[in-house]
Amino acid sequence: MATVLTPQEQDFPRWYQEVIAKSQLAENGPVRGTMVIRPWGYAIWERLEAAIDERIKATGARNAYFPLLIPEAFLRREAEHVEGFSPELAVVTHGGGKTLEEPAVVRPTSETIVNSSFARWISSYRDLPLLINQWANVVRWELRPRLFLRTSEFLWQEGHTAHATREEAHAYALRILDEVYEDAMRQELAIPVYRGRKTEREKFAGAEISWSCEGVMRDGKALQMGTSHELGQNFARAFGIQFSDDEGQLRHVWQTSWGASTRLLGAMIMVHGDDHGLRVPPRLAPTQVIVMTARAGEGVTEAAKTLADDLDRRGIRVQLDDRGELSLGRRIVDHELRGVPLRVELGPRELASGQAVVARRVRGAKETIALGALLERVPQMFDEDQQELLDQATALRDRRTQRAETLEQAKDLAADGFVRIAWPLCGDRGEDQLAKSGISVRCLVRNDGQPVYDADDPGVEALLARAY
RNA sequence: CGGGGAGUGGCGCAGUCUGGUAGCGCACCCGGCUGGGGGCCGGGCGGUCGCAGGUUCAAAUCCUGUCUCCCCGACCA
């Protein structure tokens, strides 16, 4: 078969756009930088969203919803925060046919509006910890948008919490990073990530410490896939969030905030996509099995229906494709492009032999399986292929991660992917220098796997890469 | 804002240098054949060539102005 899509590295952005368009995941919106997520893309997101939501709730957090519009003055209360976001704010100046007395900004993130509520909700140590999450869209006027990866409006979950102590806030921020983000990315998206600490230069505007999960894309570039911030008492002071502790002392709360977005779908495309389009991990696939008829008649359609029903009864997400008006080749390509994990082909030959051809999208291979064994075999194949995707992505990450002994060497190696280098060999000055070549410090890690508390500690390494 | 490039049917493009009936592929519609990996044949719908002005018998093409979009960088989940 002719190759339709070639993820050659120089063509990677183009390939990426094409996969999204051809698999009907999403398209550009009418306002520059906005995005329409089409049903197939959204169905994948819904499953990922549910997986993340479940993990968030397991930490004790509850969902709530806050306003889209924020008084401009709220943003100004935290100096570093407003400085970080000002350039990318969308501002509403008119309402009800009149000029507004005070402009409202469309939320770029909700720390300020959430904390204005927190200030009223919290008065005692008995109100803590307060763990809130919201699923919402936010707007940041991006200069260089790209579908899923960086759009001016995006859909995400943002968590906001308040704690009695710095230690508790710290532990919670890391818990989110590990038990929610890293776990969902590994188990559901089948993408292994580096977890680490952001440098001062890269951290969230308004945070004391930012932690992140960094993914390695097929072309070696980095994608920040989730972040968790320790806000210290910055917002607590700005919004007057105080509580009486168990000794009657009035104290400011310690806070965290954390988020992950539909950008994760971009990661799925850029990590798992291949020559033939998308490969969706079985756990996330809206349709896990497509049952296809080859040549109608002779009881083929009936047999295909029966098989689809049997799979459905086993809780497998299955669809029947018995469209007679399209050629078989066309139909196959459709499902391949969309990344449906398994394709069962059923025709007169199969019926006669009591076997079915099963094509596995992840492996790009076909197998012949006895019809009687199919119901048992399909769930096993899901597990195998989910694991296979993770294995491939892990191999990709490791292959794309090199070690450098000097900053010069690091600069060269970063053309191909991630580079580990001892932090003292880089440092703030090295970071500034690398930035001129389009290379950034994605995060700081320790060679013993522990979180980085002090960048100057021995054994701290920087992970460098070009980033999306 | 700096550096490149492009505006021509729904989408992707050729035609511009050298002015002379606006074309091709895909998609769509009709008819027929055909399903085991983007199938074939025939017919058809659809475009004031980004906009404004100029030169000319004649402008997609030449000249002037203008607008928009895209790519590389800066900003960034």
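Chain letters run A, B, ... following the sequence lines, proteins first and then strands; every chain starts at 1. Because the structure is a prediction, the values reported are computed rather than measured.
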Query raised in the report: Say you pick atom P in B:rC13 and the same atom in B:rC71; how far apart are they, in whole Å?
Result: 13 Å
Query raised in the report: C1' atom, B:rA14 versus B:rU61: distance in rounded Å?
Result: 13 Å
Query raised in the report: If you check the A:Leu337 side chain, which of B:rA77, B:rA74, B:rG38 turns out closest?
Result: B:rG38
Query raised in the report: Taking a pair as Watson-Crick or G-U wobble with both distances under 3.5 Å, which nucleotide is matched to B:rC28?
Result: B:rG44
Query - Candidates B:rA77, B:rG36, B:rC75 - which lies nearest the side chain of A:Val357 - result: B:rG36
Report task. Scan every strand shown for a Watson-Crick or G-U wobble partner of B:rA22, both distances under 3.5 Å, and answer none if you come up empty. Result -> none
**Report entry** Integer-rounded Å distance: B:rA77 P and A:Phe85 CZ
**Finding:** 6 Å
Query raised in the report: Using 4.0 Å as the upper bound for N to carboxylate O, is an ion pair formed by A:Glu200 and A:Lys203?
Result: yes
**Report entry** Rounded C1' spacing from B:rG4 to B:rG53 in Å
**Finding:** 28 Å
Query raised in the report: Across the strands shown, which category fits A:Ile332 at heavy-atom distances under 4.0 angstrom: base, sugar-phosphate, nothing?
Result: base
Query raised in the report: With rounding to whole Å, what would you report as the distance between B:rU16 and B:rA6 at their P atoms?
Result: 14 Å
Query raised in the report: Across the strands shown, which category fits A:Lys198 at heavy-atom distances under 4.0 angstrom: base, sugar-phosphate, nothing?
Result: nothing
Query raised in the report: How long is the line joining CD of A:Gln24 and P of B:rA27, in whole Å?
Result: 14 Å
Query raised in the report: Step by step, would you call A:Lys198 with A:Glu214 a salt bridge (Lys or Arg N to Asp or Glu O under 4.0 Å)?
Result: CA-CA 10 Å; A:Lys198 286 292 186 185; A:Glu214 302 285 331; 2.8 Å; yes
Query raised in the report: Taking atom P of B:rG12 as reference, at what distance in whole Å does atom CD of A:Gln17 sit?
Result: 12 Å
Query - Base-pairing mate for B:rC51 - Watson-Crick or G-U, with both contacts under 3.5 Å - result: B:rG65
Query raised in the report: Expressed in whole Å, how much space separates the P atoms belonging to B:rG47 and B:rG5?
Result: 33 Å
Requested in this report: Using a 4.0 Å heavy-atom cut-off across all strands, classify A:Gly226 as base, sugar-phosphate, or nothing.
Outcome: nothing
Requested in this report: Scan A:Gly259 against the nucleic acid and name what it touches under 4.0 Å (heavy atoms): base, sugar-phosphate only, or nothing.
Outcome: nothing
**Report entry** A:Phe235 ring center near A:His229 ring center (under 6.0 Å)
**Finding:** no
Query raised in the report: Can you check the A:Asn137 CG to B:rA77 P distance for me, whole Å?
Result: 17 Å
Query raised in the report: Is B:rC33 paired to anything, Watson-Crick or G-U wobble with both distances less than 3.5 Å, and if yes, which nucleotide?
Result: B:rG39
Report task. Between B:rG36, B:rG37, B:rG38, spot the one nearest the side chain of A:Glu336, thanks. Result -> B:rG37
Report task. Classify the side chain of A:Lys436 and the base of B:rG73 as holding, or not holding, a donor-acceptor pair under 3.5 Å. Result -> no
Query raised in the report: Applying a 3.5 Å limit to both distances, which nucleotide forms a Watson-Crick or G-U wobble pair with B:rA60?
Result: none
Query raised in the report: Do any side-chain nitrogens or oxygens of A:Arg32 fall under 4.0 Å of OP1 or OP2 in B:rC70?
Result: yes
Report task. Report yes or no: is the cationic atom of A:Arg77 (NZ for Lys, CZ for Arg) closer than 6.0 Å to the six-membered ring centre of A:Phe74, at no more than 45° off its axis? Result -> yes
Query raised in the report: Going by 5.5 Å between centroids and 30° between planes, is there a stack of A:Phe154 over B:rA77?
Result: yes
Query raised in the report: Tell me, which pairs form a salt bridge (Lys or Arg N to Asp or Glu O under 4.0 Å) where one or both residues lie in residues 277-287 of chain A, sequence neighbours left out?
Result: A:Glu188-A:Arg283
Query raised in the report: Taking the P atom of each, how far is B:rG7 from B:rC11, in whole Å?
Result: 14 Å
Query raised in the report: Mind checking the C1' distance from B:rA60 to B:rU48? Whole angstroms is fine.
Result: 12 Å
Query raised in the report: Reckon A:Arg330 has a side-chain N or O less than 4.0 Å from the OP1 or OP2 of B:rG36?
Result: no
Report summary line: Of the listed B:rG38, B:rG36, B:rA77, the closest approach to the A:Ala294 side chain comes from B:rG36
Query raised in the report: Contact class for A:Leu264 (heavy atom, under 4.0 Å): base, sugar-phosphate, or nothing?
Result: nothing
Requested in this report: Determine whether the aromatic ring centres of A:His160 and A:Phe66 lie less than 6.0 Å apart.
Outcome: no
Report task. Just call it for A:Thr151: base, sugar-phosphate, or nothing, with non-hydrogen atoms closer than 4.0 Å on any strand. Result -> base
Query raised in the report: What heavy-atom pair brings A:Ala236 and A:Gln255 nearest, and what distance separates the two atoms?
Result: N-OE1, 3.4 Å
Query raised in the report: What is the pairing partner of B:rA77, taking Watson-Crick or G-U wobble pairs with both distances under 3.5 Å in any strand?
Result: none
